[in-house]
Amino acid sequence: RYAAQYRALRTGIKQQSRHWDVTTGSARDRLYRSLYGSRAAVEEVLLQHPDRMTPLLLGVDEPSVTPSAMVEGVRIHSGDMLVSRGGAPTSALIARGNDYPGNFSHVALVHVDSNGTASTIEAHIEVGVAIASAEQYLRDKKLRIMVLRPRADLAALVADPMLPHRAATAAIERVRAGHIPYDCAMDYRDPARLFCSEVASSAYQDLGVTLWTGRSTLSGRGLRRWLGSFGVSHFETQEPSDLEYDPQLVVVAEWRGPETLRDDHIDNAVIDAMLEGAERGDRLSYPWYQLPAGRLLKAWSWIRVHFGGTGPVPEGMSAASALRNKAFSARQRALAAQVRSAADSLAMQEGYPAPYWRLLDFAREAIAGER
């Protein structure tokens, strides 16, 4: 019943936000506090009762005339967007590294052909923009997935109800026409290179629909320094988590299970604590002696990409950035293991799972123990 109340609350707030100017601070703060805050509350309750948690939480089945397919019990339509959270440490950084910390790190655009075959178009740092089947998309580790769909009453869709399908078709045809490199800079104004959010936004933009009503801002100095060391140079951009708050979109469904939700919360707590350190001046580093080998691997990767393959260093990332990424990921995983162990001990002693604020305490203690 509590989850159903959350669903009704989210639907009502999303409907009301259609009349708000979410580009301004006060309205955007209200929308974020309402949607993210209610999500955080219901997830704490769900994690206290994992045996009664259903993996699928339905939203609003927004009408659509575009081709569709059934995926894991949900009918998805061509032009829908899948926002998800990956299991990698950098996925947690993308989700939390925002002026409005969120739960999602990746966006994929759905295409469904006339035969009912569903595919996703998505950008990966390793290979650029690629096409995957629905089965391949679900096979990759994801801690949560949400389905978003444009409102049927948008002026552009009233004029052309097939617009979402045309956007998805244009995106898939562009991928088939030639390689599109990954945009490590996160410059949503550069159509030559695309990061995951741009795959969806650029396809819709070309047809007159501007997604991300409110731009994502990343203003923390430590956060900017860390992301800059990975190659990011644009800190007003389009973050995956913020797509949920776009009043033009409706939440159709969301998948998350008790184990993946717990992993999500642990990773979030560790990243939040690490970002506190970044704001205090902590820097990302790597062993200096690894750089020559890293440069050789970068050269090998360039050759592999030139002939249509992939290498150990992503094409849009320098050798130094790749080494920082590797060191950052190793540190995050080690801290997460300590937090998980502390949470397991608390559950045995107290008889209930550790809430998020305790996970954050454990993460801060683990970081303090590094010094």
Side-chain angles (χ1 to χ4, degrees), residues 79 81-84 86 88 90-91 93-95 97-98 104-111 119-132 137 140 167-212 215-218 223-243 294-295 297-325:
M81 283 146 281
L82 304 178
V83 287
S84 62
T90 47
S91 296
L93 178 61
I94 292 168
N98 190 335
F104 300 96
S105 61
H106 189 66
V107 179
L109 182 62
V110 175
H111 178 270
S119 303
T120 60
I121 309 105
E122 48 191 325
H124 298 284
I125 193 171
E126 298 86 359
V127 297
V129 184
I131 302 167
Y137 174 84
D140 292 338
T169 300
I172 207 166
E173 288 177 349
R174 184 183 172 191
V175 177
R176 289 169 176 162
H179 176 64
I180 306 171
Y182 187 85
D183 182 7
C184 283
M186 293 178 65
D187 180 5
Y188 68 91
R189 297 183 181 89
D190 177 13
R193 298 171 177 269
L194 301 177
F195 62 98
C196 67
S197 300
E198 280 183 284
V199 171
S201 66
S202 63
Y204 273 95
Q205 184 69 54
D206 289 344
L207 297 179
V209 177
T210 302
L211 299 178
W212 276 269
R215 293 286 176 262
S216 305
T217 52
L218 295 73
L223 172 64
R224 287 187 176 212
R225 186 169 57 248
W226 278 21
L227 292 177
S229 71
F230 291 147
V232 176
S233 58
H234 289 74
F235 303 105
E236 181 179 308
T237 185
Q238 297 172 336
E239 287 275 38
S241 286
D242 291 339
L243 191 60
R295 287 172 172 163
L297 289 173
K298 176 62 180 178
W300 169 242
S301 299
W302 183 89
I303 295 171
R304 293 272 299 167
V305 169
H306 184 72
F307 287 100
T310 59
V313 179
E315 67 172 318
M317 187 176 282
S318 69
S321 294
L323 289 170
R324 290 190 193 96
N325 192 343

*Nearest 0.5 Å please: distance from the CZ atom of Arg174 over to the CD1 atom of Ile131.*
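Separation between the atoms: 12.0 Å.
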*Side-chain donor/acceptor of Tyr188 to backbone N/O of Glu236, under 3.5 Å*: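 Checking the backbone N and O of Glu236 against the side chain of Tyr188, no donor-acceptor pair under 3.5 Å is found.
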*What closest approach, in Å, do Leu211 and Tyr204 show between heavy atoms, and which atom pair accounts for it?*
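Where Leu211 meets Tyr204 most closely, the heavy atoms are CD1-CD1, 3.8 Å.
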*asked:* Strictly distance-based, threshold 3.5 Å: is any side-chain N or O of Arg193 a donor or acceptor partner for the main-chain N or O of Cys184?
replied: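 Pair absent, no side-chain N/O of Arg193 close to backbone of Cys184.
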*CG/Leu82 to CG/Leu109 distance, rounded to the nearest 0.5 angstrom?*
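It comes to 8.5 Å.
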*List the atom of Leu223, the atom of Gly97, and the distance in Å for their closest heavy-atom pair.*
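Closest approach of Leu223 to Gly97, heavy atoms only: CD2-C, 3.5 Å.
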*Does Ser241 use its side chain to pair, donor to acceptor, with the backbone of Phe104 at less than 3.5 Å?*
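A pair under 3.5 Å: yes.
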*Does Phe195 offer a backbone N or O that forms a donor-acceptor pair with the side chain of Glu198 under 3.5 Å?*
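Such a contact is found between Glu198 side chain and Phe195 backbone.
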*OG1 on Thr120 to NE2 on His111, rounded to 0.5 Å*: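 If I round to the nearest 0.5 Å, the distance is 12.0 Å.
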*From His234 NE2 over to Asp190 CG, what is the distance, rounded to the nearest 0.5 angstrom?*
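That separation rounds to 8.0 Å.
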*With a 4.5 Å heavy-atom cut-off, do Leu227 and Leu93 have their side chains touching?*
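They are in contact (side-chain heavy atoms under 4.5 Å apart), so the answer is yes.
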*Mind checking the CZ-CG spacing from Arg189 to Asp183? Nearest 0.5 Å is all I need.*
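Spacing of CZ (Arg189) from CG (Asp183) equals 12.0 Å.
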_Is it the case that the side chain of Ser197 and the backbone of Gln238 share a donor-acceptor pair, with hydrogens and angles ignored and the cut-off at 3.5 Å?_
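Confirmed, Ser197 side chain pairs with Gln238 backbone.
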*asked:* Can you give me the closest heavy-atom contact between Trp212 and Glu239, atom names plus distance?
replied: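 Shortest heavy-atom contact: NE1-O, 2.8 Å.
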*asked:* Would the distance check show the side chain of Lys298 and the main-chain N or O of Met317 forming a donor-acceptor pair, the cut-off being under 3.5 Å?
replied: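 Yes; judged by distance alone, with no hydrogens or angles, the pair exists.
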*asked:* Using a 3.5 Å distance criterion without hydrogens, assess whether the side chain of Ser321 forms a donor-acceptor pair with backbone atoms of Ser229.
replied: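 Answer holds: yes.
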*Would you name the heavy atoms of Ala132 and Glu122 that are closest together and state the gap between them?*
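In terms of heavy atoms, the two residues are closest at CB-OE2, 4.0 Å.
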*Does Gly86 offer a backbone N or O that forms a donor-acceptor pair with the side chain of Ser105 under 3.5 Å?*
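A pair under 3.5 Å: yes.
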*asked:* Please check if the number of heavy atoms outside Arg295 that lie under 6.0 Å from its CZ is greater than 12.
replied: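 At most 12 heavy atoms, drawn from other residues, nucleotides or ligands, come within 6.0 Å of this atom.
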_Could you measure the distance from the OG atom of Ser216 to the CD1 atom of Ile94? Nearest 0.5 Å is fine._
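Between Ser216 OG and Ile94 CD1, I get 12.0 Å after rounding to 0.5 Å.
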_Testing the basics here: between Ala192 and Pro181, what is the closest heavy-atom pair and its distance to 0.1 Å?_
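Of all heavy-atom pairs spanning Ala192 and Pro181, the closest is O-CD, 3.7 Å.
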*Any idea which heavy atoms bring Ala200 and Val107 closest together, and the distance?*
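Taking Ala200 first and Val107 second, the nearest heavy atoms are CB-CG1, 4.1 Å.
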